[in-house]
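Input: a single structure, listed below in structure tokens.
The structure presented is a predicted model; accordingly, all values stated were derived computationally and were not measured. The first residue in the sequence is number 1, and the count goes up from there.
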Amino acid sequence: MMAHTIRFNRDLGVIVLRAKQSMDVEELEQSFDELVNLPGFKEGLSLIFDFRGSTTPLTSTDLRRLAIYAERTDAQWGDTKWSFLASADVTFGLSRMFMALTAKHQVETHVFRTLVEANDWLGLGMEIDEILRRTPD
């Protein structure tokens, strides 16, 4: 069983990936492939990666591997933003490390501890809790 769900809100131009339980490096890589293969996927879509419902026990080696893997699909995303929501300290720290490792990618990533902090960063003209509410599992 997958430890995550993916929902594409075409009206808002955003994909929401929710981690339900711990995701290992292989599942995270698989999710990168899933995203770009969604029907209707196009350059410029935003991504909300909600880690608040999970722990992700990755090592720094795993993160370097993920950053390299993410580069494979980077051009397909184009200039856009990925917003990570991480309430756990470890997940927050790992997400910040991923941000640093992917700083030269086209996709801009940022991690937030709370929904309020994440508001407006994606630039979709809507608060993030409203985006999540309009993109249910």
Side-chain angles (χ1 to χ4, degrees):
M1 186 181 115
M2 299 304 279
H4 70 276
T5 59
I6 294 175
R7 297 294 177 263
F8 182 5
N9 187 321
R10 285 173 178 74
D11 293 340
L12 299 178
V14 66
I15 299 169
V16 176
L17 191 155
R18 289 177 174 95
K20 301 296 189 182
Q21 33 185 302
S22 180
M23 290 177 73
D24 63 18
V25 68
E26 287 83 14
E27 187 173 355
L28 284 163
E29 286 178 346
Q30 184 182 349
S31 69
F32 287 157
D33 292 336
E34 275 181 81
L35 295 168
V36 295
N37 288 310
L38 288 171
F41 178 89
K42 64 184 189 286
E43 189 175 311
L45 292 173
S46 297
L47 173 70
I48 298 172
F49 207 140
D50 190 349
F51 280 112
R52 294 172 303 155
S54 74
T55 57
T56 303
L58 299 176
T59 64
S60 57
T61 302
D62 291 339
L63 273 185
R64 281 191 284 281
R65 175 178 155 181
L66 275 177
I68 292 165
Y69 197 87
E71 195 168 7
R72 292 180 26 185
T73 60
D74 188 53
Q76 290 172 267
W77 286 91
D79 290 320
T80 191
K81 294 180 177 182
W82 289 6
S83 183
F84 294 172
L85 303 174
S87 48
D89 288 344
V90 171
T91 308
F92 184 83
L94 289 169
S95 298
R96 287 192 55 84
M97 190 184 301
F98 183 82
M99 281 172 53
L101 291 169
T102 59
K104 295 202 179 341
H105 292 196
Q106 277 186 276
V107 173
E108 184 181 356
T109 59
H110 199 81
V111 61
F112 302 96
R113 287 186 188 273
T114 68
L115 294 178
V116 172
E117 291 174 330
N119 281 340
D120 302 326
W121 188 78
L122 285 176
L124 296 176
M126 187 178 298
E127 292 190 352
I128 204 154
D129 58 341
E130 180 66 13
I131 294 168
L132 293 172
R133 194 181 63 70
R134 290 191 188 192
T135 314
D137 263 353

Is it the case that the side chain of [X] and the backbone of [Y] share a donor-acceptor pair, with hydrogens and angles ignored and the cut-off at 3.5 Å?
X	Y	result
Thr102	Ala67	no
Asn9	Arg134	yes
Thr59	Asp62	yes

Ring-ring centroid check Phe84 Phe98, cutoff 6.0 Å: yes

Between Phe41 and Trp77, is the ring centre distance below 6.0 Å? yes

What's the separation between atom [atom1] in [X] and atom [atom2] in [Y], rounded to the nearest 0.5 Å?
X	Y	atom1	atom2	result
Ile68	Leu101	CD1	CG	8.5 Å
Ile6	Arg18	CD1	CZ	11.5 Å
Asp50	Leu17	CG	CG	9.0 Å
Met23	Ser31	CE	OG	4.0 Å
Asp74	Lys104	CG	NZ	13.0 Å
Leu63	Leu58	CG	CG	5.5 Å

Can you check whether [X] reaches [Y] side chain to side chain, under 4.5 Å on heavy atoms?
X	Y	result
Glu127	Leu115	no
Glu108	Thr80	no
Asp33	Arg72	yes
Ser60	Met97	yes
Phe112	Ile128	no

Residue set satisfying side-chain hydrogen bond (donor to acceptor under 3.5 Å, both in side chains) with Lys42, at least two apart, ordered chain then number -> none

Asp89 bridged to Arg113 by N-O distance under 4.0 Å: yes

Presence of salt bridge, Arg65 and Glu29, under 4.0 angstrom: yes

Of Val16, Thr114, Leu132, which meets side chain to side chain contact (heavy atoms under 4.5 Å, CB included) against Leu85? Leu132

In this structure, which one of Leu122, Thr109, Val14, Val107 forms a side chain to side chain contact (heavy atoms under 4.5 Å, CB included) with Lys81? Leu122

Classify the ring geometry of Phe49 against Phe51: parallel below 30°, tilted from 30° to 60°, perpendicular beyond 60°. parallel

Going by the angle between their ring planes, with limits at 30° and 60°, are Phe32 and Trp82 parallel, tilted or perpendicular? tilted

Would you check if there is a donor-acceptor pair between the side chains of His4 and Gln21 at a distance under 3.5 Å? no

Tell me whether the count of non-hydrogen atoms from other residues, nucleotides or ligands lying under 6.0 Å of CG in Asp24 goes above 12. yes

